[in-house]
**Q** 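Below is a structure I'd like to ask you about.
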Amino acid sequence: MPELVFFAGTMDCGKSTLALQIQHNRSARGLSGMIFTRNDRAGEGRLSSRLGLVTEAVEAGEGFDFHAHLVRHLTSGGRTDYVIADEAQFLEPEQVDQLACVVDDLGIDVFAFGITTDFRTRLFPGSRRLIELADRIESLQVEALCWCGARATHNARTVGGRMVVEGAQVVVGDVAGPQGAAGEDVGYEVLCRRHHRRRLTAAAARAGALSPDVLPVDGADAPALHHG
């Protein structure tokens with residue numbers, strides 16, 4: 001039976017790499033797929049991995065109708081055995097409904113890849129709808145790591161090297177290079193929950209006078225020292 005499968009994880013966990021691997025394995029067996037993406041870091045109509053792999057894709061922008069696109073393709077004599085939808089967190093809920101219709105009405109497997117929560121720890125609308133509709137939800141096996149070495153569970157946005165928790169939900173950027181550089185470049189970093197709550201990025205940890213595991217104590221709250 002065809003399925004709608006949602007491969008979910010944080011940034012840096014290999015979602016786009018897995019999407020490209022699925023495409024490679026299936027095409028090697030003579031299957032024909034259609035690849036969609038939205039707001040990929042490599043530009044419009046591109047699906048890219050941080051390993052440097054890139055392939056052409058259909059840009060599924062605002063108002064794009066997956067079901068209608070596939071129906072037109074099939075009725076004109078085209079063939080599609082499976083669908084890959086990368087950056088699925090950016091999709092509108094209605095577009096996720098269309099992907100479910102592609103599975104149910106057209107009998108085509110759909111593999112969607114995306115991150116679940118934004119830099120504010122809120123679910124993306126597309127990811128929320130995928131969680132509600134998917135036949136299966138798969139967590140990516142490659143765990144991204146926080147700068148402290150713990151498992152990264154949250155995505156952080158930096159502006160000009162500083163972590164922010166307000167702003168538009170969708171701002172295209174990439175995992176930042178050296179933090180704290182001049183300018184207002186938008187970057188992203190994966191953190192564990194503890195350091196996301198403390199807004200402690202790798203750059204902030206390096207620059208901080210205190211260890212990230214030490215909480216500041218007000219003088220009034222500090223225990224008195226008694227000398228014998």
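Atoms considered below: every heavy atom in the structure, side chains included; atoms not considered: hydrogens, waters and symmetry mates.
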**Q** Mind checking ring pair (Phe, Tyr, Trp, His ring centres under 6.0 Å) for His69 and listing every partner two or more places apart, or none if nothing turns up?
**A** Phe36, Phe64
**Q** Honestly curious: do Leu70 and Val96 fall in one hydrophobic cluster under the side-chain, below-4.5 Å linking rule?
**A** yes
**Q** Not counting sequence neighbours, which residues clear side chain to side chain contact (heavy atoms under 4.5 Å, CB included) with His73? List them please.
**A** Met34, Thr80
**Q** Would you tell me whether Gln21 and Gln23 have side-chain atoms, one donor and one acceptor, within less than 3.5 Å of each other?
**A** no
**Q** Does anything in residues 96-110 pair up under side chain to side chain donor-acceptor pair (under 3.5 Å), and if so which pairs, sequence neighbours excluded?
**A** Asp97-Arg129
**Q** Determine whether Leu123 and Val190 fall in the same hydrophobic cluster, where Ile, Leu, Val, Met, Phe, Trp and Tyr are linked whenever their side-chain heavy atoms lie under 4.5 Å apart.
**A** no
**Q** Who pairs with Glu94 by salt bridge (Lys or Arg N to Asp or Glu O under 4.0 Å), at least two apart in sequence or on another chain?
**A** none
**Q** Minimum heavy-atom separation for Thr153 and Arg193, please, with both atom names.
**A** OG1-N, 3.4 Å
**Q** Might you point out which heavy atoms bring Ala68 and Asp65 nearest each other, and give the distance in Å?
**A** N-OD1, 2.9 Å
**Q** Kindly give the heavy-atom pair with the smallest separation between Thr116 and Phe6, and that separation in Å.
**A** CG2-CE2, 4.2 Å
**Q** Kindly work out whether a path of hydrophobic side-chain contacts (I/L/V/M/F/W/Y, heavy atoms less than 4.5 Å apart) joins Ile137 to Phe124.
**A** no
**Q** Please identify each residue that fulfils salt bridge (Lys or Arg N to Asp or Glu O under 4.0 Å) with Arg79, with sequence neighbours left out.
**A** Asp81
**Q** Please enumerate all residues that pass side-chain hydrogen bond (donor to acceptor under 3.5 Å, both in side chains) together with Glu62, with sequence neighbours excluded.
**A** none
**Q** Using the rule that Ile, Leu, Val, Met, Phe, Trp and Tyr join whenever any side-chain heavy atoms are under 4.5 Å apart, tell me whether Leu133 and Val110 fall into a single cluster.
**A** yes
**Q** Report yes if some heavy atom in the side chain of His196 is under 4.5 Å from a heavy atom in the side chain of Met163; otherwise report no.
**A** yes
**Q** If every non-hydrogen atom of Cys146 is compared with every non-hydrogen atom of Ala152, which pair is closest and at what distance?
**A** N-CB, 3.6 Å
**Q** Apply side-chain hydrogen bond (donor to acceptor under 3.5 Å, both in side chains) to Arg151 and list each qualifying residue two or more places apart in sequence or on a separate chain.
**A** Glu143
**Q** Indicate if Val103 and Leu99 have the same hydrophobic cluster label, given that clusters are the connected sets of ILVMFWY residues with side-chain heavy-atom separations under 4.5 angstrom.
**A** yes
**Q** Sequence neighbours left out, what passes salt bridge (Lys or Arg N to Asp or Glu O under 4.0 Å) with Arg128? Give chain and number order.
**A** none
**Q** Can you name the nearest heavy-atom pair linking Gln89 to Gly114, along with the distance?
**A** OE1-CA, 3.1 Å
**Q** Which pairs, with at least one residue in residues 26-35 and sequence neighbours excluded, count as a side chain to side chain donor-acceptor pair (under 3.5 Å)?
**A** none
**Q** Heavy-atom distance under 4.5 Å between the side chains of Leu74 and Ile108, does that happen here?
**A** yes
**Q** Looking only at non-hydrogen atoms, find the nearest pair between Gln95 and Gly63 and report the distance.
**A** NE2-N, 4.1 Å
**Q** Go through the structure and list residues passing ring pair (Phe, Tyr, Trp, His ring centres under 6.0 Å) with Phe111, not counting sequence neighbours.
**A** none
**Q** Any heavy-atom pair between the side chains of Phe119 and Thr158 that's under 4.5 Å?
**A** no
**Q** Is a salt bridge present between Glu3 and Arg136, judged by a nitrogen-to-oxygen distance below 4.0 Å?
**A** yes
**Q** So do Ile22 and Phe7 actually touch side chain to side chain, heavy atoms under 4.5 Å?
**A** yes
**Q** In chain order, what residues pass the ring pair (Phe, Tyr, Trp, His ring centres under 6.0 Å) check against Tyr82, with sequence neighbours excluded?
**A** none
**Q** With sequence neighbours left out, what residues match Arg120 under salt bridge (Lys or Arg N to Asp or Glu O under 4.0 Å)?
**A** Asp118
